Amino acid sequence: MAALSVPRALRSLFGVSLLLWQFCVLAGRAGSLMTTKHSEPQSTFAKSLTSTSTNAPYFKAAESTEIPSYVTKCPSNGLCSRLPPDCMTCNTNYSCIYGKPATFDCKVKPHVHCVDENNHEQENFTITMTCQFCWQLAPADYVCTNSTSCMTVSCPRQRYNATCTVRDHVHCLGNRIFPKMLYCNWTGGYKWSTALALSITLGGFGADRFYLGQWREGLGKLFSFGGLGIWTLIDVLLIGVGYVGPADGSLYI
């Protein structure tokens, strides 16, 4: 009986092991199916992205068709040698002598059309101009910014930093916009003749000082009757020679 019970126990143990093994196999298959189902949307979405990026229309960058601003300064079909400096590009002539006329090889800029003396269109030409830098030009050849914060009536005369631009028709070497130190030369609209007339006629009441914007000096002259006439005479001389000017530091007209 003992010999027969041992094989039966082995058989039951083998059966339980077989059932456990089948359960593990089924569980593994179920997990793989769940993973496959969850991964399908991702692969589908990836395929849609790939197809979308592949089939997306290709847009070429639009070529710039804007006309440069300098074209408005360039007369069409005019003589190339008469074009403004902004319409051409010239090579520097390093052999030129300062202050002497020199020849420069130039080329028109894009979108600029000009002709020669025979009315033939050309791109390369030569011009003759004085050998000098733009900052060495005469004051009449450039325009500078004004300053209304510096004192024109001072000793020594004050200067200010100005930005100057060469006029369109003037040729020169180097940058056409350059900084320069200039004397204060702005005006607030005060007339020298009016100030002198008020000083002679109504100076004893401080009218000249009031006109120039000097209120404290005007009140002093008013209440002292022109310093008993002495202050009045002194102001006539000082305004006459231009030593006393407007309170804002500007020049007379």
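Treat the numbers as computed from the prediction; the structure is a model and nothing was measured. Side chains included, hydrogens not; waters and symmetry mates left out as well; all remaining heavy atoms used.
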Q: Kindly say whether the aromatic ring centers of Phe178 and Tyr142 come within a distance under 6.0 Å.
A: yes

Q) SG-SG distance between Cys172 and Cys134 under 2.5 Å? A) yes

Q. Can we say the SG-SG distance for Cys106 and Cys80 is below 2.5 Å?
A. no

Q) With the 4.5 Å side-chain cut-off for hydrophobic clustering, are Leu219 and Val244 part of the same group? A) no

Q.
Quick check: do Leu173 and Tyr98 have side-chain heavy atoms less than 4.5 Å from each other?
A. no

**Q.** Residue pair Thr232 / Gly204: nearest heavy atoms and the distance that separates them
**A.** OG1-CA, 3.4 Å

**Q.** Any residue meeting side chain to side chain contact (heavy atoms under 4.5 Å, CB included) with Pro84, in chain and number order, not counting sequence neighbours
**A.** Pro75, Cys87

Q.
Suppose the criterion is salt bridge (Lys or Arg N to Asp or Glu O under 4.0 Å): which pairs have a residue in residues 196-205, not counting sequence neighbours?
A. none

Q. Can you list every salt bridge (Lys or Arg N to Asp or Glu O under 4.0 Å) pair that touches residues 178-204, not counting sequence neighbours?
A. none

Q) With sequence neighbours left out, which residue pairs that include part of residues 120-139 fulfil the side-chain hydrogen bond (donor to acceptor under 3.5 Å, both in side chains) condition? A) His113-Glu121

Q.
Assigning hydrophobic clusters by single linkage (Ile, Leu, Val, Met, Phe, Trp, Tyr; side-chain heavy-atom cutoff under 4.5 Å), is Phe223 placed with Phe210?
A. yes

(Q) According to side-chain hydrogen bond (donor to acceptor under 3.5 Å, both in side chains), does anything in residues 73-86 pair up with another residue at least two apart or in another chain? List the pairs. (A) Lys73-Asp86

**Q.** Heavy-atom check, side chain of Pro110 versus side chain of Tyr70, under 4.5 Å
**A.** yes

Q: Please identify each residue that fulfils side chain to side chain contact (heavy atoms under 4.5 Å, CB included) with Ile177, with sequence neighbours left out.
A: Thr163, Thr165

Q | Test side chain to side chain contact (heavy atoms under 4.5 Å, CB included) applied to Val143 - qualifying residues, sequence neighbours left out | A | Arg167

Q.
Considering only residues two or more places apart or on different chains, which pairs with a residue in residues 202-222 satisfy side-chain hydrogen bond (donor to acceptor under 3.5 Å, both in side chains)?
A. Ser199-Asp208, Asp208-Lys221, Arg209-Gln214, Arg209-Asp235, Lys221-Asp235

Q | Minimal non-hydrogen separation, Ala102 against Cys96, with atom names | A | CB-CB, 3.5 Å

Q) Hey, quick one: are Ile200 and Ile234 part of the same hydrophobic cluster, counting side-chain heavy atoms closer than 4.5 Å, chains of contacts allowed? A) yes

Q: Heavy atoms only: give me the nearest Cys90-Ile127 pair and the separation to one decimal.
A: SG-CD1, 4.0 Å

Q. If only atom types and distance count, is the side chain of Trp192 paired as donor or acceptor with the main-chain N or O of Ile239 below 3.5 Å?
A. yes

(Q) According to side chain to side chain contact (heavy atoms under 4.5 Å, CB included), who are the partners of Phe205, at least two apart in sequence or on a separate chain? (A) Leu202, Leu222

Q. Quick one: are Phe133 and Asn175 in side-chain contact, heavy atoms under 4.5 Å?
A. no

**Q.** Where at least one partner belongs to residues 128-149, residue pairs that pass salt bridge (Lys or Arg N to Asp or Glu O under 4.0 Å), sequence neighbours excluded
**A.** none

Q | Separation between CH2 of Trp231 and CG of Leu233, rounded to the nearest 0.5 Å | A | 13.5 Å

Q | Close side-chain approach of Phe125 and Leu79, heavy atoms under 4.5 Å | A | no

Q) How far does SG of Cys144 sit from CG of Asn161, to the nearest 0.5 angstrom? A) 11.5 Å

Q.
Quick check: is Leu237 connected to Leu198 through a chain of hydrophobic side chains (ILVMFWY, heavy atoms under 4.5 Å apart)?
A. no

**Q.** Residues which pass ring pair (Phe, Tyr, Trp, His ring centres under 6.0 Å) with Tyr160, listed by chain and number, not counting sequence neighbours
**A.** none

(Q) Please determine whether residues Val166 and Met181 belong to a single hydrophobic cluster, defined as Ile, Leu, Val, Met, Phe, Trp and Tyr linked transitively by side-chain heavy-atom distances below 4.5 Å. (A) no

**Q.** side-chain hydrogen bond (donor to acceptor under 3.5 Å, both in side chains) pairs, two or more places apart, involving residues 99-109
**A.** none

Q) About how many Å separate OG1 of Thr194 and CG of Leu212, when rounded to the nearest 0.5 Å? A) 10.0 Å

Q) Is the number of heavy atoms from other residues, nucleotides or ligands under 6.0 Å of Asp116 CG greater than 12? A) yes

